[in-house]
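Chain A is the first sequence line, chain B the second, and so forth, proteins listed ahead of strands; every chain is numbered from 1.
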Amino acid sequence: MEWTEERVATLKALWQNGYSARQIAERLGGVTRNAVIGKAHRMGLSSRPSPIKKTQKPAAPAVKERSCQWPIGHPGSDDFHFCGEAAEAGRPYCSTHCEVAYRRSSGSSENAA
DNA sequence: CCCTGATTCGC
DNA sequence: GCGAATCAGG
């Protein structure tokens, strides 16, 4: 196929209307999306929403680690507070309190302390 | 495996 | 200049 004024105009029109290269190629007929993209690139077009997204994620509010939320004292009490030590990654407590928090007492009769 | 555009490369 | 092949990512 030949890139006539008409075909080029169609290409540009569709491209600017947000059509994907594949849609344009299909519409024109006799060309593949590569031809469309290649032609578009050659005429100075392209620069459409590139699929190659940049890994730009500076805003990562993903909660990494906070301070240990292990309660110290009685809730409501004047000196009630949380442990505050550096918590383990992905856990709400520090290493010490993690042991306590996740200590599974599965049917053991070790209650005589 | 489907898609997207970008770029490269031989013709 | 052309477009398939390849690249790079979703």
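Of the side-chain N and O atoms in A:K39, one or more sit less than 4.0 angstrom from OP1 or OP2 of C:dC2. Listed pair A:W3 / C:dG3 meets the phosphate criterion, a side-chain N or O lying under 4.0 Å from OP1 or OP2. One finds no side-chain N or O of A:H41 lying less than 4.0 angstrom from the OP1 or OP2 phosphate oxygen of B:dG5.
In terms of heavy-atom proximity, A:I37 sits nearest to A:A21 at CG1-CB, 3.3 Å.
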All N/O donor-acceptor pairs, side-chain side in residues 86-95 of chain A, below 3.5 Å, sequence neighbours left out:
none

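Of all the residues in residues 25-35 of chain A, A:T32, A:N34, A:A35 reach under 4.0 Å from DNA chain C with at least one non-hydrogen atom.
For the pair A:M43 and A:K12, the minimum side-chain heavy-atom distance is below 4.5 Å.
Protein atom OH of A:Y19 is 14 Å distant from nucleotide atom P of B:dT4, rounded to whole Å. Counting to the nearest Å, the P atom of C:dA4 and the CE atom of A:M1 are 13 Å from each other. Here C:dA4 presents its C1' atom at 11 Å from CZ of A:R42, a figure rounded to the nearest Å. Rounded to an integer number of Å, the gap from A:L11 CG to C:dG3 P is 10 Å.
The number of heavy-atom neighbours closer than 6.0 Å to CG of A:D78, taken from other residues, nucleotides and ligands shown, is 12 or below.
When the nucleotides B:dT4, C:dC2, B:dT7 are ranked by their closest atom to the side chain of A:S20, B:dT4 comes out on top.
A:W70 and A:F82 fall into different hydrophobic clusters, where Ile, Leu, Val, Met, Phe, Trp and Tyr residues are linked whenever their side-chain heavy atoms come under 4.5 Å apart, directly or through other members.
Atom CD1 of A:I24 is separated from atom OG1 of A:T32 by 12.0 Å, given to the nearest 0.5 angstrom.
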